[in-house]
J.: 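My structure is below; once you've seen it, I'll send some questions.
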Amino acid sequence: MFQIGEYVVYGMNGVCTVEEIGPMNLNGLDESKDYYTLKPLYTKGSRVFTPVDNQKVVMRPILSKADVCKLIDEMPDIELIDVENDKNRELTYREAWKSCDCRRLIQIIKTITNRREKRLAQGKKMSACDERYLKQAKDSLYGEFAISLGIDKSEVEDFIEKRKLKREMVFTY
């Protein structure tokens, strides 16, 4: 069970703070059941109420700083998503995003970035589906990384690039 004040990832809401734990006094709800009151960090004025024993939506602790750094170091080895059919691609992106798994989010980002480069080389624009899922994946991943690393969400991409460069320099000597 999570504790008040703890950061968690809650489904598509992203990183949330656990504000309260306890029964809810609302008509139709079992008053003997405990609920989390969650405050999404990146959605102003929003609250989420979910049963403590909810199995329908992914709820997990955020990654530690060490785990984030390790994952960044492993990014070059994370494979792209291999889906040729556009309808299946969107379904695959959606499933990966809903999983709240950072590796899967990285796969989305790498795959769409790769597709964008290929499309631009052909004189084509990025598809609306790719744009939407790239934004969602980055928002989710960078939101969690920011809290774990103790930096602003806008600084995460630079942090990743600097860490990659440092790592490359280490391996070239």
Side-chain angles (χ1 to χ4, degrees), residues 1-21 34-44 46-83 89 91-116 130 132-173:
M1 190 156 139
F2 298 104
Q3 304 300 314
I4 293 174
E6 199 170 347
Y7 290 114
V8 297
V9 173
Y10 182 73
M12 294 179 278
N13 291 282
V15 179
C16 300
T17 305
V18 178
E19 285 195 324
E20 295 178 33
I21 305 168
D34 283 340
Y35 290 80
Y36 289 117
T37 301
L38 306 175
K39 179 183 176 191
L41 294 185
Y42 301 107
T43 309
K44 300 267 188 234
S46 178
R47 295 287 184 277
V48 176
F49 306 96
T50 184
V52 169
D53 61 355
N54 182 3
Q55 299 296 312
K56 293 180 182 176
V57 178
V58 174
M59 185 170 175
R60 63 172 177 77
I62 65 168
L63 295 177
S64 68
K65 182 176 182 176
D67 287 338
V68 168
C69 290
K70 183 176 185 249
L71 193 53
I72 291 169
D73 293 345
E74 293 171 357
M75 280 182 177
D77 301 323
I78 295 175
E79 294 186 15
L80 302 179
I81 297 170
D82 185 25
V83 180
R89 180 176 296 106
L91 179 63
T92 303
Y93 289 166
R94 186 180 310 120
E95 288 173 0
W97 183 55
K98 283 183 170 184
S99 75
C100 300
D101 181 296
C102 292
R103 284 185 172 282
R104 303 284 314 273
L105 295 174
I106 292 167
Q107 279 187 303
I108 293 171
I109 294 166
K110 285 181 66 171
T111 300
I112 294 173
T113 301
N114 183 274
R115 280 178 45 81
R116 178 179 57 199
D130 281 356
R132 183 174 65 251
Y133 281 100
L134 180 61
K135 181 182 180 340
Q136 290 172 338
K138 282 185 172 184
D139 282 348
S140 296
L141 186 72
Y142 294 178
E144 181 172 358
F145 279 16
I147 299 302
S148 298
L149 296 169
I151 61 176
D152 191 80
K153 190 174 174 181
S154 64
E155 300 173 60
V156 171
E157 209 157 351
D158 284 342
F159 182 93
I160 291 170
E161 289 306 314
K162 287 176 184 173
R163 184 158 180 99
K164 283 183 185 178
L165 284 174
K166 281 183 186 177
R167 191 163 190 266
E168 288 172 11
M169 290 174 58
V170 168
F171 286 114
T172 57
Y173 289 106

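Because the structure is a prediction, the values reported are computed rather than measured.
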J.: Of all residues at least two apart in sequence or in a different chain, which pass the side chain to side chain donor-acceptor pair (under 3.5 Å) check with Lys70?
T.: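 Residues passing side chain to side chain donor-acceptor pair (under 3.5 Å) with Lys70: Glu74.
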
J.: Looking at every non-hydrogen atom in both residues, tell me the closest pair between Val18 and Leu38 and how far apart they are.
T.: CG2-CD2, 3.8 Å

J.: Distance from Thr113 atom OG1 to Ile108 atom CD1, nearest 0.5 Å?
T.: 11.0 Å

J.: How long is the straight-line distance from OG1 of Thr92 back to CG of Asp82, given to the nearest 0.5 Å?
T.: 10.0 Å

J.: A side-chain contact here means heavy atoms from C-beta on lying under 4.5 Å apart; do Tyr36 and Met59 qualify?
T.: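 Sidechains of Met59 and Tyr36: in contact.
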
J.: Considering only heavy atoms from C-beta outward, does the side chain of Tyr35 approach that of Val52 to under 4.5 Å?
T.: no

J.: Let me check something: any side-chain donor-acceptor pairs from residues 7-15 under 3.5 Å, sequence neighbours excluded? List them with distances.
T.:
| from | atom 1 | to | atom 2 | distance (Å) |
| --- | --- | --- | --- | --- |
| Tyr10 | OH | Thr50 | OG1 | 3.1 |
| Tyr10 | OH | Asn54 | ND2 | 3.3 |

J.: Which heavy atom of Ile109 sits nearest to which heavy atom of Ala137, and what is that distance?
T.: CG1-CB, 3.8 Å

J.: Give the minimum heavy-atom separation between Leu63 and Glu144, together with the two atoms involved.
T.: N-OE2, 2.8 Å

J.: Looking at CD1 of Ile62 and OG of Ser148, how far apart are the two atoms once the value is rounded to the nearest 0.5 Å?
T.: 3.5 Å

J.: Contact between Met75 and Arg163 at the side-chain level, heavy atoms closer than 4.5 Å - yes or no?
T.: no

J.: What's the separation between atom CD1 in Ile72 and atom CD1 in Ile106, rounded to the nearest 0.5 Å?
T.: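 Here the rounded value is 8.0 Å.
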
J.: Hey, are the side chains of Ile81 and Arg89 touching, using non-hydrogen atoms and a 4.5 Å cut-off?
T.: no

J.: Any idea which heavy atoms bring Ala146 and Tyr42 closest together, and the distance?
T.: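 Taking Ala146 first and Tyr42 second, the nearest heavy atoms are CB-OH, 3.8 Å.
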
J.: What orientation do Tyr93 and Tyr133 show, parallel under 30°, tilted 30 to 60°, or perpendicular over 60°?
T.: tilted

J.: So, does Glu6 use its side chain to make a donor-acceptor pair with the main chain of Pro61 at under 3.5 Å?
T.: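 Between the backbone of Pro61 and the side chain of Glu6 there is no qualifying donor-acceptor contact (under 3.5 Å).
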
J.: Rounded to the nearest 0.5 Å, what separation is found between the CD atom of Gln136 and the CG atom of Leu105?
T.: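 Nearest 0.5 Å value for the CD-CG distance: 10.0 Å.
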
J.: Considering non-hydrogen atoms only, spot the tightest contact between Glu19 and Ile4 and give its length.
T.: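 So the minimum-distance heavy-atom pair works out to O-CG2, 3.5 Å.
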
J.: Should we say atom NZ of Lys39 is surrounded by more than 12 heavy atoms from elsewhere, each under 6.0 Å from it?
T.: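 Open: at most 12 neighbouring heavy atoms sit under 6.0 Å from NZ of Lys39.
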
J.: Are any side-chain N or O atoms of Gln107 and backbone N or O atoms of Glu79, one a donor and one an acceptor, separated by less than 3.5 Å?
T.: yes

J.: Taking all atoms of both residues into account, what is the closest heavy-atom pair of Ile21 and Met1, and its distance?
T.: CG2-CE, 3.3 Å

J.: Test your reading of the model: is there a side-chain donor-acceptor pair from Arg60 to the backbone of Cys100, 3.5 Å cut-off?
T.: yes

J.: What distance do Ile147 atom CD1 and Thr17 atom OG1 have between them, rounded to the nearest 0.5 Å?
T.: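 Here the rounded value is 7.5 Å.
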
J.: Less than 4.5 Å apart, side chain to side chain, heavy atoms only: is that true for Arg116 and Leu134?
T.: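 Result yes, sub-4.5 Å side-chain heavy-atom pair found.
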
J.: Using a strict 4.0 Å threshold on nitrogen-to-oxygen distance, state whether Glu95 and Arg104 make a salt bridge.
T.: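 So Glu95 does not pair with Arg104 through a salt bridge.
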
J.: Would you say the side chain of Asp67 lies within less than 4.5 Å of the side chain of Leu71, judging by non-hydrogen atoms?
T.: no

J.: Are any of the side-chain heavy atoms of Arg94 and Leu91 separated by less than 4.5 Å?
T.: yes

